[in-house]
Each structure stands twice: as C-alpha cells, then as structure tokens.
Amino acid sequence: MVDRYVDDNGVRRLATADELAEINARETAWNNDAPNRKLAEIKQIRLEKLKETDYLANSDVTMPDNVKTWRQTLRDLPANHTDEAAYDALLARDKNGNLTHSVWSKP
C-alpha cells in the first residue's frame with residue numbers, strides 16, 4: 001500500500017486517506033488492465049511479422065505452404081491464446097530482448 005507520493009512540484013508528500021484511495025484505485029485499475037495491454041502488444045508484434053511476409057502474397061509469387069501455415073498461425077493467435085499466462089509465454093524474451101516463443105520464428 002502506498003502512503004507517500006510525489007506531487008506535481010516533485011515534492012514527496014504523505015498522502016491523505018482520499019489520496020491513498022485514489023492512488024490505490026488507479027493502481028488496481030492499471031493491474032487489472034494488464035491482459036489487455038499484453039494482448040495489444042501481441043497483436044502489434046503479429047502485425048509486424050505478417051507485414052514482413054506480405055510480399056509473398058503478391059499474385060506473381062507462390063507462397064510456400066510452410067509460410068502460409070505460419071501466417072495462419074499468427075492470425076489465429078488471439079483466438080488460440082486467451083489468458084494472461086499464454087500472453088506471458090508469447091511475450092517472453094531472452095537476455096538479448098529477442099522473443100523466445102516458437103510462434104514468432106519465421107519458417
């Protein structure tokens with residue numbers, strides 16, 4: 001529980017009961033919205049990965065079946081991964097910041 005905060009002037013102050021209630025309500029709302037933020041990040045990464053292979057969807061290019069399957073898997077991500085644990089697995093990164101889940105690896 002927070003009992004102090006930094007005001008608009010950069011001064012650390014002891015919070016009143018009303019301020020504590022507001023601070024705690026905002027923190028709870030932020031924490032409760034974590035799955036939505038994670039899903040938005042997953043969708044953004046998915047979009048970037050799909051864009052990387054959009055050129056293969058041109059009429060004069062034959063897209064390999066493994067790329068078709070991978071792109072479909074990416075499009076199915078939100079429907080097939082529906083809880084925060086699955087989101088965490090999709091967003092896991094190694095020490096270099098690279099995504100580690102196999103779904104992100106282009107065939």
Side-chain angles (χ1 to χ4, degrees):
M1 181 189 310
V2 175
D3 65 350
R4 297 180 187 278
Y5 71 100
V6 177
D7 69 14
D8 293 337
N9 297 319
V11 177
R12 189 175 166 107
R13 298 191 323 122
L14 187 62
T16 66
D18 288 342
E19 290 169 333
L20 279 176
E22 182 182 337
I23 290 167
N24 290 329
R26 281 195 310 246
E27 184 177 328
T28 298
W30 172 260
N31 291 337
N32 290 343
D33 196 45
N36 292 327
R37 289 191 309 277
K38 290 175 182 179
L39 181 58
E41 184 178 356
I42 289 165
K43 288 180 177 182
Q44 181 60 40
I45 295 167
R46 176 191 66 178
L47 179 62
E48 291 168 9
K49 297 291 185 182
L50 288 169
K51 283 181 178 181
E52 290 174 8
T53 56
D54 275 350
Y55 72 95
L56 293 171
N58 290 336
S59 61
D60 60 341
V61 177
T62 303
M63 186 182 302
D65 287 340
N66 63 341
V67 174
K68 287 180 189 177
T69 302
W70 178 69
R71 286 173 56 91
Q72 185 61 52
T73 300
L74 291 176
R75 287 191 295 273
D76 293 342
L77 277 178
N80 293 338
H81 297 79
T82 57
D83 63 15
E84 195 167 2
Y87 299 162
D88 289 339
L90 287 168
L91 294 172
R93 295 180 182 268
D94 63 18
K95 65 182 179 181
N96 297 320
N98 300 312
L99 293 163
T100 58
H101 196 286
S102 62
V103 74
W104 302 121
S105 299
K106 189 174 7 175

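Just so we're clear, the structure is a prediction, and the values are computed from it rather than from any experiment. FYI, the numbering just counts along the sequence from 1.
- Between atom CG of residue Leu77 and atom NZ of residue Lys49 there is a gap of 11.5 Å, rounded to the nearest 0.5 Å.
- Note that NE2 of His101 is 13.0 Å distant from OH of Tyr87, once rounded to the nearest 0.5 Å.
- Qualifying side chain to side chain donor-acceptor pair (under 3.5 Å) partners for Asp33, counting only residues two or more places apart in sequence or in other chains: Asn36.
- Counting only distance, with no hydrogens or angles, the side chain of Glu22 and the backbone of Glu19 share no donor-acceptor pair below 3.5 Å.
- Hydrophobic cluster membership is shared by Leu50 and Leu39, with clusters built from Ile, Leu, Val, Met, Phe, Trp and Tyr side chains linked at under 4.5 angstrom.
- The shortest non-hydrogen separation linking Arg93 to Glu41 is NH2-OE2, 3.8 Å.
- Arg37 forms a cation-pi arrangement with Trp30, by the criterion of a distance under 6.0 Å to the ring centre and an angle within 45° of the ring axis.
- Note: Asp94 CG to Asn96 CG = 5.0 Å, rounded to the nearest 0.5 Å.
- Looking at heavy atoms from C-beta onward, Asp54 lies in side-chain contact with Arg71 at the 4.5 angstrom threshold.
- Hydrophobic clustering of Ile, Leu, Val, Met, Phe, Trp and Tyr side chains at less than 4.5 Å, counting indirect connections, unites Val67 with Tyr55.
- Taking the side chain as every heavy atom from C-beta outward, Leu91 and Ile45 approach each other to under 4.5 Å.
- Under the 4.5 Å side-chain heavy-atom criterion for grouping Ile, Leu, Val, Met, Phe, Trp and Tyr, Leu47 is not connected to Ile42 through any hydrophobic cluster.
- Between Asn98 and Trp104 there is no side-chain heavy-atom pair separated by less than 4.5 Å.
- Nearest heavy atom pair, residue Pro35 against residue Asn31, reads CD-O, 4.3 Å.
- Among all heavy-atom pairs drawn from Arg46 and Leu74, the shortest one is CD-O, 2.7 Å.
- Under the 4.5 Å side-chain criterion, counting only non-hydrogen atoms from C-beta, Lys38 is in contact with Glu84.
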